[in-house]
Each structure stands twice: as structure tokens, then as C-alpha cells.
Participant: 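Have a look at this one before I ask anything.
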Amino acid sequence: MSTTPQDGLEERLRMREQKLNHPLHTQPDADTVIHGNIPNTPLAASTISFILGSLFSLSLLVFLSGGFPQYSWATYQLGFFLAAWSAFHWGEYAVTAGWNLEKCSVDSFLLDNGYMYHVANGSAVIEYLITVYFKPSLKSNPYLSQIGILMVVIGQFLRSIAMIHASTNFSHSVAYRKRNTHRLVTDGVYSYFRHPSYAGFYYWALGTQLVLQNPVCFVGYSYVLWRFFYYRTRSEENALIKFFGNEYVDYRRRVRTWIPFVP
């Protein structure tokens with residue numbers, strides 16, 4: 001039985017459609033931009049998850065063990081920082097896959113956040129290691145690290161619960177076009193925080209620097225995060241006013257961001 005070129009084309013299109021509908025395939029909708037620097041494939045997602053999981057497990061072991069005195073750098077503080085960092089990035093993907101699958105891609109790990117993001121994290125580790133090597137006494141305040149741990153845990157919970165509650169209304173990038181299914185979320189955690197995912201990350205990030213007791217990076221993070229969220233919320237809220245009009249204006253008047261100096 002022979003087939004025509006048209007039949008072959010239809011068969012390929014049918015197979016492609018089946019692949020796109022496969023539960024392991026994370027092909028986001030047309031409105032979600034993929035950077036393309038990391039392959040958007042199940043293999044890439046599983047590999048990244050394995051690496052993050054391994055880093056989390058080893059770092060958590062260091063943290064729970066209180067550090068290894070024979071290695072000056074293997075402290076509980078650095079262990080917690082690396083565990084929190086790996087858990088954060090895995091969690092971003094996991095929550096998106098679980099509650100916002102239509103926007104899920106390998107970029108949902110937020111590992112392709114731009115070089116400045118990695119410079120910031122690298123600077124935190126470098127500042128910590130240099131201080132531990134030359135002046136370890138500057139890292140010996142347990143209460144400061146405990147406050148930081150609490151901030152990280154609360155910040156992570158706040159961000160994750162905000163993403164879960166908003167579900168398909170949440171996006172890692174600012175949406176400038178209103179979708180048919182887009183609704184204004186003002187209940188749940190959003191009734192207390194106007195941008196709970198931003199507030200969560202703000203306090204999570206500053207908490208990591210308190211854990212490491214990094215004065216230079218703490219000040220740097222405070223300024224950079226404030227500047228980023230100040231302009232980000234202005235841009236996003238202008239779009240939301242276009243989408244929802246006075247409904248959003250009234251909501252903005254009632255609910256604060258709870259990020260310092262971000263009205």
C-alpha cells in the first residue's frame with residue numbers, strides 16, 4: 001500500500017501533536033518566551049533536577065552536621081546557603097509544573113536569569129570564603145544566622161504559596177497582554193501582600209546573606225533587590241491597571257507590598 005507525500009505530512013503532524021500532548025513534554029503556550037540557552041527537553045529538566053537534588057542533599061548534610069571542622073569552608077552556614085539555593089530553583093520548576101503547566105519550560109528553574117544573578121550568588125560565596133579564611137571570628141554570631149534561616153524559610157514559603165494560589169495567573173515574566181483566562185487574584189495570601197512572590201524572594205535573598213553574615217553582599221543585595229522590584233512593580237502594575245482598571249487601583253490602595261520603599 002503506497003502513501004502520498006500529503007499522507008506522510010499528515011502523519012508527521014499527527015505524531016508531533018502526540019508528542020506535544022505527552023505528559024512529560026513541557027512545551028509552554030505561545031505567550032511564554034523561552035530563552036533557548038538550555039534545551040527545553042525532559043532530559044535537560046531531569047538532569048538539572050538531579051544536579052540540584054544532589055547539591056541539596058550534600059549541602060543539607062553539611063548543615064545538619066553543623067559543618068566539618070577539618071575543612072574550614074565546610075560550615076553549616078555555607079551548607080544552608082547552598083541547600084536553600086538549590087531548593088529554591090528546583091521549587092520554581094516543581095510549582096510551575098504542578099500548578100501552572102501551560103507556562104512550564106526548562107526556564108522555569110530560573111537558572112537562566114542573566115549573568116548578574118550568578119555574579120551576585122558567586123559574590124556571596126566569595127565574600128564568605130574570604131572572610132572565613134582570613135577572619136573567621138566575623139562569622140561567629142549564631143543568632144544572626146538563625147534570623148537569616150528563619151527569613152529564608154518564611155520567604156520560600158511565601159513565594160511558593162503565592163505561586164500555587166495564583167496558579168495559571170502567575171508568570172515569571174511580566175505579562176503585557178491580557179489572556180482570556182487572566183483574572184485578578186486578591187484573596188488568600190494576596191489579601192495581605194500585593195506582590196507576595198516578590199516579597200518572598202526579597203526576604204529569602206536577604207536571609208541568605210544574614211545566614212552567611214556577609215555585610216557587603218547584604219547591603220548590595222538590599223539595594224539591587226529594591227531597585228529591581230521598584231521598577232518591576234511599576235511596570236507590572238501599569239499593565240494590571242490596563243487589564244483591570246479601577247478594580248486593581250482599589251486593590252493597590254488597600255494592600256501593601258511589604259517590601260521596604262516599594263509603595
Participant: Please confirm whether the backbone N or O of A44 pairs with a side-chain atom of T41, one donor and one acceptor, at under 3.5 Å?
Facilitator: yes
Participant: Atom CD1 in I161, atom OG in S197: separation rounded to 0.5 Å?
Facilitator: 12.5 Å
Participant: Hey, what do you get for CE (M151) to CD1 (I154), rounding to the nearest 0.5 Å?
Facilitator: 8.5 Å
Participant: To check you understand the geometry: which heavy-atom pair defines the closest contact between S222 and L206, and what is its length?
Facilitator: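 Scanning both residues, the minimum pair turns out to be OG-CD2, 3.5 Å.
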Participant: Would you check, one step at a time, whether the test side-chain contact (heavy atoms from CB on, under 4.5 Å) holds for L138 with K135?
Facilitator: CA-CA 6 Å; L138 296 178; K135 196 71 172 177; 3.4 Å; yes
Participant: Within the structure provided, determine whether R159 and F88 are in side-chain contact (heavy-atom separation under 4.5 Å).
Facilitator: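 Result yes, sub-4.5 Å side-chain heavy-atom pair found.
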Participant: Check I48, L55, T47 against I51 for a side chain to side chain contact (heavy atoms under 4.5 Å, CB included) and give me the one that passes.
Facilitator: T47
Participant: Show the numbers, then the answer: is there a side-chain hydrogen bond (donor to acceptor under 3.5 Å, both in side chains) between E127 and S123?
Facilitator: CA-CA 6 Å; E127 179 184 351; S123 298; over 6 Å; no
Participant: Side-chain heavy atoms under 4.5 angstrom apart, residues restricted to Ile, Leu, Val, Met, Phe, Trp, Tyr: same cluster for M163 and W90?
Facilitator: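 Different hydrophobic clusters.
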Participant: Quick one: do the T96 and E92 side chains pair a donor with an acceptor below 3.5 Å?
Facilitator: no
Participant: Under a plain distance cut-off of 3.5 Å, with no hydrogens placed, do S145 and Q213 share a side-chain donor-acceptor pair?
Facilitator: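 On atom types as modelled, these side chains qualify, holding a pair under 3.5 Å.
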Participant: Indicate if I259 and V152 have the same hydrophobic cluster label, given that clusters are the connected sets of ILVMFWY residues with side-chain heavy-atom separations under 4.5 angstrom.
Facilitator: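 I259 and V152: one cluster.
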Participant: Could you check whether the rings of Y202 and F229 sit parallel, tilted or perpendicular, using 30° and 60° as the cut-offs?
Facilitator: perpendicular
Participant: With the 4.5 Å side-chain cut-off for hydrophobic clustering, are L212 and L150 part of the same group?
Facilitator: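 No; L150 is not reachable from L212 via cluster members.
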Participant: For the pair D250 (side chain) and E247 (backbone), establish whether a donor and an acceptor sit closer than 3.5 Å, ignoring hydrogens and angles.
Facilitator: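 No.
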Participant: How close do L110 and H89 get, heavy atom to heavy atom, and via which atoms?
Facilitator: O-CE1, 3.2 Å
Participant: Can you tell me if Y192 has over 12 outside heavy atoms packed within less than 6.0 Å of its OH?
Facilitator: no
Participant: Side chains of T186 and Y248 only: does a donor on one sit below 3.5 Å from an acceptor on the other?
Facilitator: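 No.
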Participant: Looking only at atom types and distance, does a side-chain atom of S235 sit under 3.5 Å from a main-chain N or O of Y231, one as donor and one as acceptor?
Facilitator: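 No: the side chain of S235 does not pair with the backbone of Y231.
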Participant: Can you confirm whether R234 sits close enough to V262 that some side-chain heavy atom of one is under 4.5 Å from a side-chain heavy atom of the other?
Facilitator: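 Counting from C-beta outward, R234 and V262 do come under 4.5 Å.
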Participant: Could you walk me through whether H195 and Y190 pass the ring-ring contact (aromatic ring centres under 6.0 Å, His included) check?
Facilitator: CA-CA 7 Å; H195 297 283; Y190 286 83; 8.4 Å; no
Participant: Determine the interplanar angle of the F201 and W204 rings, folded into 0 to 90°, and report it as parallel if under 30°, tilted if 30 to 60°, perpendicular if over 60°.
Facilitator: parallel
Participant: Can you find a pair of side-chain heavy atoms, one from N180 and one from H182, that are under 4.5 Å apart?
Facilitator: no
Participant: Output, in order, the C-alpha distance, side-chain angles, deciding distance and verdict of side-chain contact (heavy atoms from CB on, under 4.5 Å) for F81 and S59.
Facilitator: CA-CA 8 Å; F81 172 78; S59 302; over 6 Å; no
Participant: I want to check something: taking the side chain as every heavy atom from C-beta on, are E237 and R252 in contact at a cut-off of under 4.5 Å?
Facilitator: yes
Participant: I want to check something: taking the side chain as every heavy atom from C-beta on, are P263 and Y230 in contact at a cut-off of under 4.5 Å?
Facilitator: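 The answer is yes; the side chains approach within 4.5 Å.
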Participant: Does atom CZ of F68 have more than 12 heavy-atom neighbours from other groups under 6.0 Å away?
Facilitator: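 Counting neighbours around CZ of F68, more than 12 heavy atoms of other residues, nucleotides or ligands fall under 6.0 Å, so yes.
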Participant: State whether the side chain of S167 and the backbone N or O of I164 hold a donor-acceptor pair below 3.5 Å, judged by distance alone.
Facilitator: no
Participant: Any chance NZ of K178 has more than 12 other-residue heavy atoms, nucleotides or ligands included, within less than 6.0 Å?
Facilitator: yes
Participant: Hey, does W73 have a side-chain heavy atom less than 4.5 Å from the side chain of V132?
Facilitator: no
Participant: Using distance alone, with no hydrogens and no angle criterion, decide if R232 and Y198 have a side-chain donor and acceptor under 3.5 Å apart.
Facilitator: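 A pair is found: one side chain offers a donor N or O, the other an acceptor, under 3.5 Å apart.
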Participant: How far apart are the closest heavy atoms of N113 and H118, and which atoms are they?
Facilitator: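 Residues N113 and H118, closest heavy atoms: N-NE2, 4.5 Å.
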Participant: Working to the nearest 0.5 angstrom, can you tell me the gap between S108 OG and Y93 OH?
Facilitator: 7.0 Å
Participant: Looking at R179, I want to see if its CZ is surrounded by more than 12 non-hydrogen atoms of other residues, nucleotides or ligands under 6.0 Å.
Facilitator: yes
Participant: Minimum heavy-atom separation for P260 to Y203, with atom names?
Facilitator: CD-OH, 3.5 Å
Participant: Of all heavy-atom pairs between L225 and A205, which one has the smallest distance, and what is that distance?
Facilitator: CD1-CB, 3.6 Å
Participant: Between N214 and A124, is there a donor-acceptor pair closer than 3.5 Å when you use the side chain of the first and the backbone of the second?
Facilitator: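 Side chain of N214 to backbone of A124: a pair is present.
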Participant: Without hydrogens or angle criteria, can the side chains of Y221 and T208 be said to hold a donor-acceptor pair below 3.5 Å?
Facilitator: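 Their side chains do not contain a donor-acceptor pair, so the 3.5 Å distance test is not met.
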Participant: Any chance you could measure H35, atom NE2, to N40, atom CG, to the nearest 0.5 Å?
Facilitator: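 Taking NE2 in H35 and CG in N40, the distance rounds to 12.0 Å.
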Participant: Is it possible for you to say whether L184 and F193 belong to one hydrophobic cluster, with membership spreading through side-chain heavy-atom contacts below 4.5 Å?
Facilitator: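 Same cluster: L184 reaches F193 through Ile, Leu, Val, Met, Phe, Trp or Tyr contacts under 4.5 Å.
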Participant: Let me confirm one number: the NZ-CD distance from K139 to Q77, rounded to the nearest 0.5 Å.
Facilitator: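 Going from NZ on K139 over to CD on Q77, the span is 7.5 Å.
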Participant: Dump the intermediate steps for side-chain contact (heavy atoms from CB on, under 4.5 Å) on L129 and L78, then the final yes or no.
Facilitator: CA-CA 9 Å; L129 292 177; L78 186 59; 4.1 Å; yes
Participant: Taking a hydrophobic cluster as the set of Ile, Leu, Val, Met, Phe, Trp and Tyr residues connected by side-chain heavy atoms closer than 4.5 Å, whether directly or through intermediates, do F228 and Y117 fall within one such cluster?
Facilitator: yes
Participant: Less than 4.5 Å apart, any side-chain heavy atom of V95 and any of N100?
Facilitator: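 Not touching, per the 4.5 Å side-chain cut-off.
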Participant: D107 vs H172, test: side-chain contact (heavy atoms from CB on, under 4.5 Å). Steps then yes/no.
Facilitator: CA-CA 9 Å; D107 285 352; H172 277 125; over 6 Å; no
Participant: Please determine which of T75, V211, I149 meets the side chain to side chain contact (heavy atoms under 4.5 Å, CB included) test together with F63.
Facilitator: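 Exactly one candidate clears the test, I149.
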Participant: Provide the closest heavy-atom pair for L60 versus A83 in the form atom of the first, atom of the second, distance.
Facilitator: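 Minimum heavy-atom separation between L60 and A83: N-CB, 4.0 Å.
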Participant: Check whether any side-chain heavy atom of F109 sits under 4.5 Å from a side-chain heavy atom of L52, and report yes or no.
Facilitator: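 Contact flag for F109/L52 side chains = yes.
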Participant: Quick one: are the ring centres of H165 and F170 less than 6.0 Å apart?
Facilitator: no
Participant: How far does CD1 of I126 sit from OG1 of T131, to the nearest 0.5 angstrom?
Facilitator: 11.5 Å
Participant: Answer yes or no: does atom CH2 of W258 have more than 12 heavy-atom neighbours from other residues, nucleotides or ligands under 6.0 Å?
Facilitator: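 No.
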